[in-house]
Amino acid sequence: MNSILPGQTIGILGSGQLGRMLALEARRMGYRVHTFSPEKDSPTGQIADVEYIASYDDANAAKDFASSVDVVTLEFENISFDVAKAIESVKPIRPRPGVLHTTQHRLREKTFLKENGFPVTPFRPVTNENEIKTAFAELGTPCILKTAGFGYDGKGQTKVNSADEAINSFAKLGTSEAILETFISFEREISVVATRGLDGSFVPFIPVWNTHRNHILDVTIAPAPITEKLAKEAAEISRGIMEAFDCIGVLCVEFFVTSDQKLLVNELAPRPHNSGHWTIDACVTNQFEQQLRAVCNLPLGSPKMMTPFAAMVNILGDVWKNGEPHFAELLRDPNTKLHLYGKHDARAGRKMGHVNVIGSSAVEVSQKILRTKTILGIE
Ligand code: AMP
């Protein structure tokens, strides 16, 4: 298989911040970039050569887009299987449509993980009251009810303490199929962002520790404070998952670490991930360059950290509620790096940017996280 080289064109499905950061890497390395989404002046479009505007379910437009580029990759996975197949009939799409089909649907994803022997939270598919009652009796209290289809950042999910509560919540979800799963009182949440090339090469970043606010990622700390054994296990599970569905590109595997030091896979994302943004300022190769290298059939870069500790703090739209944030004050620390995504409308809960910090100790990085939050008014 030939490599796609600088001067050739990368097609990105989606036009948000993940596409923007991929486009920045691609531009740095001399590639052309076309982005496909319904939005104008998007975070990715501001960096791309061509902003192709069409609906995500327009297969003809997607084929037209594909014919203008050399390879297609994605920055979000909610592209329909049919459109992805239509693109594949024109140009290579990496990861392949089958990977999207699995990961864009919670039930398919969990079933795939379970059937392939990966550790997942106990779950049952539910479609009616009787199934909810049976599932609840089998899984124990409390549970989490989630939509079977697409969901992210805690959208479409509720914690439930009884079968009746689950039945009520199911009615409110307005869906015909959901998942009931055991609520895990985990010790911490970690993730592994890993890359797999066309030749089967596999390069994971070190596992990181993620904390959330209102179900949205708040802070990532690298490396995660876990044993070396657990870190290796997390990397090996991630390798196994990428191999099991022949995933080319970047995959994020989110895990729960239980109090008895067991790993459970919570969710997969077949693309760079918010919990990998720290790699931009802390690693020899960041997650976006790895995505580019993988989809272009180039050798993967080193994921080595160039600093002992690093962290990322998300900046949501809420930060603008009292006016322009104090970015100049924030940047008084020379080891603090600001990334903004070029979004015009700072709505509450919307991811507008992030801050990366590096340091020589966990304490130093923790202090910088605190400082960032204080200056930006993040509670
Ligand atoms: P998800 O949309 O499935 O990634 O869930 C978003 C967040 O909800 C996770 O990062 C966890 O903090 C929490 N969560 C999801 N599923 C569970 C579970 N089974 N037990 C405990 N917390 C959960």
Side-chain angles (χ1 to χ4, degrees), residues 16 18 76-78 100 102-114 118-126 132 135-163 165-166 169-170 172-173 175 177-193 207-221 224 226 234 237-238 241 250-278 312-314 316 349-351 354:
L18 301 178
F76 92 135
E77 59 267 44
N78 207 13
L100 295 185
T102 304
T103 55
Q104 67 193 192
H105 190 269
R106 275 199 182 111
L107 183 54
R108 280 202 288 270
E109 180 175 291
K110 282 189 184 291
T111 307
F112 157 80
L113 289 167
K114 194 174 161 201
F118 299 109
V120 277
T121 312
F123 72 95
R124 300 281 183 281
V126 291
I132 292 174
F136 214 93
E138 288 171 359
L139 294 169
T141 315
C143 280
I144 294 210
L145 185 77
K146 299 181 177 180
T147 50
F150 188 71
Y152 63 96
D153 289 345
K155 290 194 173 70
Q157 63 168 275
T158 346
K159 187 174 172 189
V160 287
N161 291 302
S162 67
E165 243 182 71
S169 299
F170 181 70
K172 281 190 203 135
L173 281 181
T175 170
E177 194 175 38
I179 300 175
L180 199 63
E181 68 179 52
T182 306
F183 180 84
I184 307 294
S185 64
F186 48 78
E187 185 182 275
R188 74 178 85 247
E189 292 185 77
I190 64 163
S191 60
V192 171
V193 173
V208 293
W209 175 22
N210 300 319
T211 52
H212 297 79
R213 288 177 69 241
N214 304 323
H215 296 287
I216 300 173
L217 184 64
D218 180 31
V219 171
T220 295
I221 295 180
I226 56 173
I237 291 172
S238 307
I241 293 170
V250 170
L251 178 82
C252 175
V253 185
E254 293 183 67
F255 297 91
F256 297 141
V257 180
T258 63
S259 48
D260 54 351
Q261 299 300 291
K262 297 255 168 8
L263 292 170
L264 293 171
V265 177
N266 176 43
E267 197 162 46
L268 307 178
R271 50 165 173 77
H273 190 259
N274 199 165
S275 67
H277 291 356
W278 63 279
M312 186 243 27
V313 181
N314 258 343
L316 303 183
R350 188 174 196 211
K351 289 175 181 170
H354 68 270

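What you are looking at is a predicted structure, and each value in this text was computed from that prediction instead of being measured. Every heavy atom of this structure was used, including side-chain atoms; hydrogens, water molecules and symmetry mates were not. When a ligand or atom number is given, it counts from 1 through the structure's own listing order.
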Quiz item: For Arg106, is the nearest heavy atom under 4.0 Å from an atom of ligand 1?
Solution: yes
Practice problem: Output yes when the distance from some N or O of ligand 1 to some N or O of Ile184 is under 3.5 Å, and no in every other case. | Solution: yes
Quiz item: Can an N or O of Glu254 be found at a distance shorter than 3.5 Å from an N or O of ligand 1?
Solution: no
Quiz prompt | Under 3.5 Å side-chain donor-acceptor pair for Asn210 and Ser191 | solution = yes
Quiz item: If you count the atoms of ligand 1 from 1 in the order shown, which ones are under 4.0 Å from a heavy atom of Glu189?
Solution: 9 (C), 10 (O), 11 (C), 12 (O)
Self-check item: Expected output: side-chain Glu165 to main-chain Asn161 donor-acceptor under 3.5 Å
Solution: yes
Exercise. Within a distance under 4.0 Å of any heavy atom of Glu181, pick out the atoms of ligand 1 and give their elements.
Key: 16 (N), 17 (C), 18 (C), 19 (N)
Exercise. Apply side-chain contact (heavy atoms from CB on, under 4.5 Å) to Thr182 and list each qualifying residue two or more places apart in sequence or on a separate chain.
Key: Thr121, Pro122, Leu139, Ile184
Quiz item: Which ligand 1 atoms, with their elements, are less than 4.0 angstrom from a heavy-atom of Phe186?
Solution: 12 (O), 21 (C), 22 (N)
Quiz item: Residues two or more places apart in sequence or in another chain: which of them pass salt bridge (Lys or Arg N to Asp or Glu O under 4.0 Å) with Glu187?
Solution: none
Quiz item: Is ligand 1 less than 4.0 angstrom away from at least one heavy atom of Leu217?
Solution: no
Quiz item: His212 heavy atoms, cut-off 4.0 Å: which ligand 1 atoms fall inside?
Solution: 10 (O)
Exercise. Would you check the N or O atoms of Thr121, main chain and side chain alike, for any that come under 3.5 Å of an N or O of ligand 1?
Key: no
Quiz prompt | Candidates Val208, Val193, Ile190 - the one meeting side chain to side chain contact (heavy atoms under 4.5 Å, CB included) with Thr220 | solution = Val208
Quiz item: Salt bridge or not for Glu181 and Lys110, using N-O below 4.0 Å?
Solution: yes
Quiz item: So which of His215, Lys146, Gln157, Lys159 gets nearest to atom 5 (O) of ligand 1, if we judge by its closest heavy atom?
Solution: Gln157
Quiz item: CD/Gln157 to OG1/Thr147 distance, rounded to the nearest 0.5 angstrom?
Solution: 8.0 Å
Exercise. Kindly give the heavy-atom pair with the smallest separation between Ala163 and Ile132, and that separation in Å.
Key: O-CG2, 4.0 Å
Quiz item: Nearest non-hydrogen atom to atom 17 (C) of ligand 1 belongs to which of Phe183, Phe256, Phe123?
Solution: Phe256
Practice problem: For ligand 1, note which part of Thr182 has a heavy atom under 4.0 Å away: side chain, backbone, both or neither. | Solution: backbone
